[in-house]
Colleague: 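Got a structure for you, written out below as structure tokens; questions coming shortly.
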Amino acid sequence: MTKDLTKITDLPVSIINQLMIDSFVFKKKHDQGQKIDNLLKGKVVALVFEKPSLRTKICFETATTLLGGIPIFISSGQILSSGNYMKGRESIPDIAKNLERFADLIVARVFDHETIQEIAASTKIPVINALCDKYHPTQALADMMTIMWHKKRTDDFKVAYIGDGNNVATSLMHICASLMVNFTIASPKGYEIPKSELLIAMKNLKNSSLDFVEEPEKAVCNADVVYTDTFVSMGQEDEYNERIKAFRGYQVNRQLMKKAKNDALFLHCLPAHRGEEVTDEVIDSKQSVVFDQAECKLHTAKALLKYFLA
Ligand code: NVA
């Protein structure tokens with residue numbers, strides 16, 4: 001049993017597979033309008049968010065409620081403070097030790113990964129990372145579910161990620177390595193996935209490949225999935241101009257999609273910055289499954305809550 005989900009590599013492959021199976025069951029029940037069991041009856045889930053969130057917040061709140069639990073949302077700045085607890089009202093360990101007296105699980109979105117680690121180390125209750133500067137593990141689970149839902153297979157399969165080697169890209173790379181899905185990323189120099197993360201993913205590789213290229217055209221060649229995310233993540237707003245310049249040529253547009261397989265899917269964790277990392281034409285095309293991907297966050301949230309609490 002894994003106590004926390006701070007990053008994808010916390011999860012053994014068997015658990016990732018079980019989460020996928022449970023997520024599919026939840027989606028099928030959802031599609032058939034079936035009620036789901038009261039798996040979380042009486043359980044309290046504390047949601048602590050330092051940064052804005054639409055999908056992740058609503059999915060965990062809704063999933064908790066649908067499973068019979070009680071979600072408590074603690075909004076940005078109320079207890080944590082811009083990634084620096086010294087500026088906050090009390091220390092991270094004290095916050096965690098308070099929350100465990102009221103709640104059964106903490107879902108936290110923070111600036112610094114160290115904050116998640118500190119929360120997890122300070123409390124006996126499970127902690128789920130709902131995004132930090134380095135990772136977005138709950139997104140990666142929803143991404144993989146979306147791919148499996150649409151493609152029904154992931155063997156001999158290629159995911160191409162175009163753009164910033166950020167939290168979303170890193171978690172996607174790790175889940176691809178765990179599930180033996182070929183992964184290629186094209187990023188401009190200076191914006192690659194951190195080397196320390198590559199080394200971890202390389203070590204976890206079994207029967208799949210991991211490739212890094214500079215040219216987006218090379219990355220998407222023969223791809224089953226083309227994925228992108230914003231060039232300017234939350235907390236990087238001051239770097240907007242230099243980033244937009246650095247990522248010139250990394251937009252996912254129709255010409256780039258044409259170089260992938262004809263039936264390639266387009267994925268994006270959202271929010272999308274239309275006209276920057278992706279064009280309207282691509283995100284609104286038949287190949288785009290971005291809203292299914294958003295829905296998958298709900299079912300993977302249910303599966304995670306079931307795993308940690310039921
Ligand atoms: N990389 C983005 C993901 C948003 C869901 C960010 O961190 O802002």
Side-chain angles (χ1 to χ4, degrees), residues 5-8 47-63 73 75-77 80 82-83 107-116 128-147 159-176 183 185-188 190-194 197 225-244 246-247 250-252 266-278 283 288-298 300-301 304:
L5 172 59
T6 66
K7 53 189 188 306
I8 282 296
L47 297 123
V48 186
F49 278 54
E50 275 190 324
K51 295 180 183 179
S53 175
L54 172 64
R55 285 150 291 275
T56 310
K57 170 181 176 286
I58 291 180
C59 287
F60 273 100
E61 278 187 317
T62 308
F73 180 68
S75 71
S76 159
L80 297 171
S82 300
V107 177
R109 170 167 287 195
V110 299
F111 281 90
D112 303 325
H113 183 60
E114 289 67 33
T115 307
I116 284 286
I128 295 178
N129 179 356
L131 182 146
C132 66
D133 55 342
K134 289 190 179 154
Y135 308 111
H136 197 359
T138 63
Q139 182 64 50
L141 290 165
D143 298 341
M144 211 33 95
M145 181 191 174
T146 312
I147 294 170
V159 172
Y161 180 100
I162 311 300
D164 194 13
N166 61 14
N167 44 8
V168 169
T170 301
S171 293
L172 185 64
M173 169 185 73
H174 285 310
I175 204 163
C176 283
F183 180 78
I185 178 165
S187 306
Y191 295 93
E192 299 97 342
I193 290 180
E197 297 297 331
V225 168
V226 177
Y227 197 124
T228 191
D229 180 21
T230 181
F231 298 147
V232 189
S233 284
M234 290 180 276
Q236 298 172 335
E237 291 78 6
D238 292 350
E239 301 169 32
Y240 182 85
N241 289 335
E242 64 188 272
R243 282 182 163 266
I244 292 298
F247 285 97
Y250 285 80
Q251 184 185 66
V252 178
F266 172 74
L267 271 77
H268 191 310
C269 58
L270 305 179
H273 303 79
R274 290 163 175 259
E276 290 181 8
E277 73 274 7
V278 62
I283 200 166
S288 170
V289 291
V290 298
F291 300 113
D292 291 343
Q293 194 182 349
E295 184 196 315
C296 285
K297 292 200 79 172
L298 175 63
T300 47
L304 279 168

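As the structure is a computational prediction, the values presented were derived from the model and not from experiment. As the structure lists them, so they are numbered: ligands from 1, and atoms in each ligand from 1. The first residue of the sequence shown is numbered 1, and numbering continues consecutively from there.
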Colleague: List the steps, then state whether side chain to side chain donor-acceptor pair (under 3.5 Å) holds for Glu197 with His174.
Modeller: CA-CA 8 Å; Glu197 297 297 331; His174 285 310; 2.7 Å; yes
Colleague: May I ask you to test the Arg109-His136 pair for a side-chain heavy-atom distance under 4.5 Å?
Modeller: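 Yes, close enough: below the 4.5 Å cut-off.
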Colleague: Using 4.0 Å as the upper bound for N to carboxylate O, is an ion pair formed by Asp164 and Arg243?
Modeller: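 Judged by the 4.0 Å cut-off on N to carboxylate O distance, Arg243 and Asp164 do form a salt bridge.
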Colleague: Could you tell me which atoms of ligand 1, counted from 1 in the order shown, lie closer than 4.0 angstrom to a heavy atom of Leu270?
Modeller: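 That gives atoms 5 (C) of ligand 1.
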Colleague: What do we get for Leu131 next to ligand 1 when only non-hydrogen atoms under 4.0 Å count, side chain, backbone, both or neither?
Modeller: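 Contact part for Leu131 vs ligand 1: side chain (C-beta onward).
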Colleague: Would Asp229 count as a polar contact of ligand 1, with the cut-off being nitrogen or oxygen pairs under 3.5 Å?
Modeller: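 Min N/O separation from ligand 1 is below 3.5 Å for Asp229.
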Colleague: To check your reading of the model: name the closest protein heavy atom to atom 7 (O) of ligand 1, its residue, and the distance in Å.
Modeller: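 Looking only at protein heavy atoms, the one closest to atom 7 (O) of ligand 1 is Asn167 ND2, 2.8 Å.
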Colleague: Taking both backbone and side-chain atoms of Ser233, is any N or O found less than 3.5 Å from an N or O belonging to ligand 1?
Modeller: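 Yes; the residue has a nitrogen or oxygen that sits under 3.5 Å from a nitrogen or oxygen of the ligand.
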Colleague: Counting non-hydrogen protein atoms only, what is the nearest one to atom 8 (O) of ligand 1? Give residue, atom name and distance.
Modeller: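 Here the closest protein heavy atom is Met234 N, 2.8 Å.
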Colleague: Please determine if Lys57 forms a cation-pi arrangement with Phe73, meaning its NZ or CZ atom is less than 6.0 Å from the six-membered ring centre and no more than 45° off the ring axis.
Modeller: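 That pair qualifies as a cation-pi contact.
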Colleague: Can you tell me how far CG of Leu298 sits from CZ of Phe60, rounded to the nearest 0.5 angstrom?
Modeller: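 Reported value, rounded in 0.5 Å steps: 10.0 Å.
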